[in-house]
Asks: 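Got a structure for you, written out below as structure tokens; questions coming shortly.
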Amino acid sequence: MNNSCPNCNSSRITTRNIGRKTGGFIGSVGGATSGATGALSGAELGATLGVTGGPIGIAIGGIAGALIGGLFGGVAGGIAGATVGEQVDTRILNNFQCLRCGHSFTSRSL
Ligand SMILES: [Zn+2]
């Protein structure tokens, strides 16, 4: 990162990453939600497969299916959201802020 403030020429700048944080959060929530939906079918599948193992098999299969669906959904959604948010930061929002004069600006060299 080789930017300086276009207003006062200070090199004391910081990144705000608003889009990245927001995107990561929204993605995690959305991913966990769709993951939970997948978890229901995962739980059903696990329970169906677990039928051969009796009541314990149904319980274990259901829990495993739900856990895997929710976990993978949340992680995948978070990564996707953070990636999209990073693009928004870089291309749309003024992601850089000068620590000296408070001026916000976009990166010029990306
Ligand atoms: Zn400045």
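Counting convention: from 1, in listed order, for ligands and their atoms alike.
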Asks: As an exercise, state the distance from CG of D89 to OG1 of T22, rounded to the nearest 0.5 Å.
Replies: 8.0 Å

Asks: Please evaluate residues R20 and V84 with respect to the criterion side-chain contact (heavy atoms from CB on, under 4.5 Å), reporting the C-alpha separation (whole Å), side-chain torsions for both, the decisive distance (0.1 Å), and the verdict.
Replies: CA-CA 7 Å; R20 204 183 142 172; V84 172; over 6 Å; no

Asks: Quick check: closest heavy atoms across T83 and I79, and the distance to 0.1 Å?
Replies: OG1-O, 2.7 Å

Asks: Protein N, O or S atoms less than 2.8 Å from the Zn ion (ligand 1), ignoring waters?
Replies: C5 SG, C8 SG, C98 SG, C101 SG

Asks: Within a strict 4.5 Å, meaning less than it, do heavy atoms of the H103 and P6 side chains meet?
Replies: yes

Asks: Short question: side chain of N95, backbone of N17 - any donor-acceptor pair under 3.5 Å?
Replies: yes

Asks: Do the non-hydrogen side-chain atoms of R16 and S104 ever get within less than 4.5 Å of each other?
Replies: yes

